[in-house]
Undergrad: 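Got a structure for you, written out below as structure tokens; questions coming shortly.
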Amino acid sequence: MIIVMKPNANKSSVKEIIDIVENKGLQVHLSEGSEVIIIGVIGDKSKLVNSNLELLEGVDKIVPVTESYKLANKKFNAEPSIIQVGNVQIGGNKLIMIAGPCAIESEEQIYESARAVKQAGAQILRGGAYKPRTSPYSFQGLGEEGLKMMAAAKKETGLAAVCEVTSLEAVETAVKYVDMLQVGARNMQNFYLLKEVGKTNIPVMLKRGLSATIDEWLNAAEYIMSEGNSNVILCERGVRTFETSTRNTLDISAIPVIREKSHLPIIIDPSHASGRRSYIEPLSKASIAAGADGLMIEVHPNPANALSDGPQSLTPKAFTALCENLRPYGKLAGKDF
Ligand code: PEP
Ligand code: MN
């Protein structure tokens, strides 16, 4: 439940309530908005049945929160969260472009990608070093060697960087090199991994599971946040449907649904959603129009020779043209880029 304070409530009333709640063994999440203070209560609220909180000074109303996710819930944090990723803010009034290859393949490949996406206007470099491939015989990523290459490219270009993690060892290594961790679709309900990234203090981009409902996705975010890391960014990457023309089906409606249910920013990945480079531009435009905070797009210097996801990767030239074509859409949506 949440306790909504009156606009003129003073600090001592807030403290009195926090003390009562904490003395019952429950956790408090304080949200100080521009208008009102909201005290979120986490735990078994039946412990408060006889506390008559609504009669206390400064309390406006008590609102039950029926959803199982609390920290990720908009009721707990009415204002949209802005997450700092290196020198980039996700969730503010800028459209964030995350771009780069599916996987880091060589020093030359990641440098070339980084320079190209930076020049086109991207702020964050992507590149996988631990690849969760469908086949065990497919390229699995360069691991720490790849991260070292990415860190060097990041240093040269000034871009922030994100890399997927698939195990505790990967988390421990990746935090030394990147500004944001990614939990991939296949690991969205790997609760052990969610808790481990929740114990770090760097932002986490949480992709939606292949067949996950939005409530399951927000509960996965809650796993990370309940470990103390509130810097979570959601990423819609298409869900599995009966359609075979595209790799997945991009759920555009996830954007307004997330806006209604959560304060967390949302990024759209049209590359994995469609699996085809020719669909990326229209899906990007739709995502911006629906209010996405940013896009994640796969770019490879030579898609025909990419070790993974070549058919959905854009060349640097095509990515530059895409950014140009998206700028007016960003403007219309009130997000410069
Ligand atoms: C990726 O972004 O590299 C990736 C593997 O995507 P997903 O987890 O969405 O399949
Ligand atoms: Mn990929």
Side-chain angles (χ1 to χ4, degrees), residues 85 90 96-105 109-110 113 117 122 124-136 138-143 146-147 150 160-167 170-171 174 178-190 193-194 197 203-212 214 216-217 220-221 224 232-241 246-251 254 266-277 279-280 283-284 287 292 294-315 319:
V85 179
I90 304 187
I96 301 306
M97 255 314 171
I98 305 172
C102 180
I104 304 159
E105 298 172 3
Q109 176 246 22
I110 193 71
S113 307
V117 302
I124 303 178
L125 176 66
R126 66 149 286 146
Y130 306 94
K131 296 304 301 174
R133 305 303 300 283
T134 300
S135 161
S138 301
F139 176 58
Q140 305 281 312
L142 297 180
L147 288 173
M150 190 187 222
V162 56
C163 173
E164 177 169 358
V165 286
T166 49
S167 65
V171 174
V178 297
D179 306 284
M180 176 161 70
L181 302 175
Q182 174 176 319
V183 172
R186 288 155 193 80
N187 276 313
M188 191 208 82
Q189 283 190 318
N190 180 340
L193 185 65
L194 296 175
V197 296
V204 178
M205 183 164 68
L206 175 65
K207 291 192 128 189
R208 182 178 182 179
L210 306 177
S211 302
I214 289 175
E216 287 165 343
W217 189 16
I224 300 171
V232 176
I233 293 133
L234 301 167
C235 178
E236 157 67 33
R237 45 78 75 208
V239 289
R240 195 162 267 188
T241 68
T246 48
R247 183 173 175 181
N248 294 289
T249 298
L250 178 60
D251 181 12
I266 176 165
I267 298 282
I268 301 295
D269 173 352
S271 304
H272 291 90
S274 68
R276 293 265 294 272
R277 68 175 69 88
Y279 301 148
I280 289 173
L283 295 179
S284 299
S287 304
L295 298 166
M296 178 153 88
I297 292 170
E298 286 188 337
V299 178
H300 192 285
N302 186 354
N305 289 333
L307 295 182
S308 58
D309 287 349
Q312 68 197 32
S313 299
L314 297 181
T315 60
F319 179 67

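Nothing here was measured: the structure is a model prediction, and the numbers come from that model. As the structure lists them, so they are numbered: ligands from 1, and atoms in each ligand from 1. Only this structure's heavy atoms are used, side chains among them; waters, hydrogens and symmetry mates stay out.
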Undergrad: Backbone N or O of N187 within a donor-acceptor pair of the Q189 side chain at under 3.5 Å?
TA: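 Not a single qualifying donor-acceptor pair exists.
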Undergrad: Got the residues with a heavy atom under 4.0 Å of ligand 1, by chain and number?
TA: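 Close residues (ligand 1, cut-off 4.0 Å): R126, K131, E164, Q182, G184, A185, R186, K207, R237, H272, M296.
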Undergrad: Has K131 got a side-chain atom pairing as donor or acceptor with C102's backbone, closer than 3.5 angstrom?
TA: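 Yes, K131 side chain to C102 backbone: donor-acceptor pair under 3.5 Å.
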Undergrad: Can a donor-acceptor pair be found, under 3.5 Å and without considering hydrogens, that links the side chain of Q312 to the backbone of E298?
TA: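 Checked: no pair found.
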Undergrad: Can a donor-acceptor pair be found, under 3.5 Å and without considering hydrogens, that links the side chain of E236 to the backbone of G238?
TA: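 Present.
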Undergrad: Determine whether a donor-acceptor pair (N or O, by modelled atom type, separation under 3.5 Å) exists between the side chain of R240 and the backbone of A212.
TA: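 Absent.
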Undergrad: For D309 and H272, does a side-chain donor sit closer than 3.5 Å to a side-chain acceptor?
TA: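 Present: a donor and an acceptor within the cut-off.
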Undergrad: Sub-3.5 Å donor-acceptor pair from the side chain of E105 to the main-chain atoms of L307, do we have one?
TA: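 Checking the backbone N and O of L307 against the side chain of E105, a donor-acceptor pair under 3.5 Å is found.
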Undergrad: What protein N/O/S atoms lie closer than 2.8 Å to the Mn ion (ligand 2)?
TA: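 Counting only protein N, O or S atoms under 2.8 Å from the Mn ion (ligand 2), the list reads C102 SG, H272 NE2, E298 OE2, D309 OD2.
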Undergrad: Could you check whether any side-chain N or O of R126 sits under 3.5 Å from a backbone N or O of P101, counting only pairs where one atom can act as donor and the other as acceptor?
TA: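 The answer is yes, because a donor-acceptor pair under 3.5 Å joins these two groups.
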Undergrad: Rounded to the nearest 0.5 Å, what's the gap from CG on L125 to CD1 on I110? Could you check?
TA: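 Rounded to the nearest 0.5 Å, the CG-CD1 separation comes out at 4.5 Å.
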